[in-house]
Peer 1: 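Mind looking over this structure? Questions follow.
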Amino acid sequence: MTAKISTLCLLLACAGPLAASRSLETTYRTAGSAVHAAFDEVREHLQTSSAVFRRGRTEIIFGTVVSSDGFILTKASELGELSDVSVTVDRERYDEPVLVAEDPTWDLALVKIDANDLVPVDLAAVEEPARGSWVVANGATTRSKRRVQVGVVSANTREVFAQGGTVLGVQLKSGDDELVVESATEGTGAERAGLTSGDRIVSMDGKPIESRESLIEELKERRVGDTVMLGIEREGASLELEVELAGRADVFGEEATRNDAMSGEYSERRTGFPRVMQHDVMGNRHFMGGPVFDLDGHCVGMNIARFSRCETYAIPAEDLRGIVDQMVGGSGKN
Amino acid sequence: MAERPAINDKKAPAGRADLEAIQSLLREALPDARAATVCIKLDQGSGSGVVVSEDGLILTAAHVTGGVGREFTVLFEDGRKVQAESLGLDSETDAAMARIIDKGSYPHVPIDRDDRTKLGDWVFSLGHSGGFDKARGSVVRLGRVVRMANSTYQSDCNLIGGDSGGPLFDLEGRLIGIHSRVGQRLPENMHVPMSAFLDKWDEMSKNEFLGEGPFAKKPEKGKGFLGLLAESHDGPGIRVKRVGRESPAEAAGIKAGDVLLAMDGEKLSSRDDLKALLEERAPEDKITFDLIRDGAEESITLRLGSRDS
């Protein structure tokens, strides 16, 4: 967890052109069309193996094709309700996608469309790309054509801890009743598990909880999406409830920093991932969910969170392989 | 002089081979560049910098150091932590120097002394974006020089808070600029070119505060803040009556009852003597008192604060 610190970066008061300057035409800039043309071979992979989720005419998120028979992986928290959502792969539009599985740890949703001859991404064992390697991901798209956006692997692949730690999703009372639930927060695992006002928390995964500090200590050891067996006392009876944990910032919000203010539309769920590969491809929250390719067209990851103006996180291919096997396998496909 | 990488003479990469050329140069240059890129931790925030000599000379931005003679902590990517002190700066170009105080041998990068960078060159930026994060390391971004003016380069390597003062490199790992400022929304990223450093190298090395530009404010004489009240008494020196809470005097350990004999070697016999001497000093100046406490003589050195803050 990184403590909140202020960082130095002067903002230009007025973004006027520099005096007596010479300027590179837009097309030759890194995000320009002349540079992107050099990635045409890799673009073909985006064309066939990335998906576009639209609600009506609005693009909401990209997806990654993981099987020829219509399984698509995308970012769960951006997807929302699937009614009136369509999915486009290559030039084909598929209606009525079905939600098959979700993985709260990675913020993933597995969706099935009625298709048979899709080209899934190649997740075959490739080495993790070295820092400074080119990566190619979805840029702005049209109905028929996927476009590229390019960048490089820019930091160490690592775990990103949930901002503010993990939480059950409850408000606790104060004073002597510090382990008694005041209320369960809407949309959290605590609410789904049926935790309710008056419940007293007594244990977690069999370990006695005696104070708010010991509760926090236990939560520190766990990740977003983990499920705990929460022992409670309710009206004299002892119960155990299965509660899925969430990130504090995802449940209770977070105060925007100055860096956030200059980062455009970043992902709401952007921390709390077991492992991420970081790159500098430009985009916003709606550009997540699609595959990330190297120059060989190997899928090296899948975009999962836009963190800031210069930082995007992808789930590394190595982790993605296991996740796909588990989610598709668990869907009763075979 | 070595040849420039051929890729820089193409308007755009033509295909796979050109992209690979950029990639392999970048990968090769990165380890040394990363090792020399540091996070600068100040009281009020954090910035970046880069080491350019074995004994620990750091180039950074004037708005990061903020002044001459300031002490701060510097962190290398591997977590090594050392103390540094800011040298001179140019408040008009945003160039600044600092030096690692701890003796040692430090990873460093070469400087482009020949102004070889041209519009459209492929470049990469490093910096401790958003502050130091050991698991993440410093963050690299690849881009091109998209605009050039006398004292500024603009690139499309996106910068964010914490990158300020960090290095911009050419594809051969030579330092060509220092990150200065960004557009709030648009991807406009400004860097101080090496020429702005080389032009003022000697002055900055000698702790000079140059110019009256927007990037740093010169400490004004007479604005220094000490935070004590002292008066004449029967005997040499002046006796401290009160020490202000959270003042530089308190931080240095001066206590009520201490008798100040001299400041920077000048004898003190009245309150006005002290006042006159302080009129000649500015915030952040170091001053030394010779004093008597409980009958014993000692000396205390402290750095003046600012009346404005």
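Quick note on labels: first sequence line is chain A, next is B, and so on, each numbered from 1. Keep in mind that this is a model prediction, so the values were computed, not measured.
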Peer 1: How long is the straight-line distance from OG of A:Ser23 back to CD of B:Gln154, given to the nearest 0.5 Å?
Peer 2: 7.0 Å
Peer 1: Below 4.5 Å from any heavy atom of chain A, which atoms of B:Lys134 appear? Answer side chain, backbone, both or neither.
Peer 2: backbone
Peer 1: Tell me whether A:Arg22 contacts the main-chain N or O of B:Ala149 through its side chain, where contact means a donor paired with an acceptor under 3.5 Å.
Peer 2: no
Peer 1: Within the distance-only criterion (no hydrogens, no angle test), does the side chain of A:Trp134 pair as donor or acceptor with the backbone N or O of B:Leu19 below 3.5 angstrom?
Peer 2: yes
Peer 1: Taking the side chain as every heavy atom from C-beta outward, state whether A:Cys310 and B:Ser129 have any atom pair closer than 4.5 Å.
Peer 2: yes
Peer 1: Considering only heavy atoms, which portion of B:Glu28 lies under 4.5 Å from any heavy atom of chain A: side chain, backbone, both, or neither?
Peer 2: neither
Peer 1: Just how far is it from atom CE of B:Met148 to atom CG of A:Leu24, taken to the nearest 0.5 Å?
Peer 2: 11.0 Å
Peer 1: Using 0.5 Å steps for rounding, measure from the CD atom of A:Glu311 to the CZ atom of B:Arg136.
Peer 2: 5.0 Å
Peer 1: Do B:Arg27 and A:Ser133 meet the criterion of a side-chain donor-acceptor pair at a distance under 3.5 Å?
Peer 2: yes
Peer 1: When you compare the side chain of A:Thr30 with that of B:Trp122, does any pair of heavy atoms fall below 4.5 Å?
Peer 2: yes
Peer 1: Checking heavy atoms, do the side chain of B:Leu30, its backbone, both or neither come under 4.5 Å from chain A?
Peer 2: side chain
Peer 1: Measuring only between side-chain heavy atoms, which start at C-beta, is B:Val182 closer than 4.5 Å to A:Arg309?
Peer 2: yes
Peer 1: Looking at every non-hydrogen atom in both residues, tell me the closest pair between B:Arg144 and A:Tyr28 and how far apart they are.
Peer 2: NH1-O, 2.7 Å
Peer 1: Hey, is A:Arg131 close enough to B:Glu77 for a salt bridge, meaning N to O under 4.0 Å?
Peer 2: yes
Peer 1: Can you say whether A:Arg29 sits under 4.5 Å from chain B via the side chain, the backbone, both, or neither, judging by heavy atoms?
Peer 2: both
Peer 1: For A:Glu59, is the CD atom crowded, meaning more than 12 foreign heavy atoms sit under 6.0 Å from it?
Peer 2: yes
Peer 1: What's the separation between atom OG in B:Ser138 and atom CG in A:Asn156, rounded to the nearest 0.5 Å?
Peer 2: 8.0 Å
Peer 1: So, A:Arg258 side chain and B:Gly161 main chain: donor-acceptor pair closer than 3.5 Å or not?
Peer 2: no
Peer 1: Measuring heavy-atom distances to chain A, does B:Asp121 have an atom under 4.5 Å in its side chain, in its backbone, in both, or in neither?
Peer 2: neither
Peer 1: More than 12 foreign heavy atoms under 6.0 Å from CD of A:Glu268: is that the case here?
Peer 2: no
Peer 1: Tell me the closest heavy-atom pair linking B:Pro13 and A:Ala38, and the distance in Å.
Peer 2: O-CB, 3.3 Å
Peer 1: Between A:Val160, A:Asp296, A:Asp40, which has the largest tally of heavy atom pairs under 4.5 Å with chain B?
Peer 2: A:Asp296
Peer 1: Where do B:Arg141 and A:Asp280 come nearest, in terms of heavy atoms and distance?
Peer 2: CA-OD2, 3.2 Å
Peer 1: Is chain A contacted by the side chain of B:Ala135, its backbone, both, or neither, given a heavy-atom distance below 4.5 Å?
Peer 2: both
Peer 1: Which distance, rounded to the nearest 0.5 Å, do you find between the CG of B:Leu142 and the OG of A:Ser154?
Peer 2: 10.5 Å
Peer 1: If you count heavy-atom pairs under 4.5 Å between each of B:Leu119, B:Leu26, B:Asp18 and chain A, which one has the most?
Peer 2: B:Leu119
Peer 1: What distance separates A:Met262 CE from B:Leu159 CG, expressed to the nearest 0.5 Å?
Peer 2: 8.0 Å
Peer 1: Heavy-atom pairs under 4.5 Å with chain B are the metric here; pick the option from A:Val150, A:Thr157, A:Val35 that has the most.
Peer 2: A:Val35
Peer 1: So, the side chain of A:Asn259 versus the backbone of B:Ile160: is there a donor-acceptor pair under 3.5 Å, distance only?
Peer 2: no
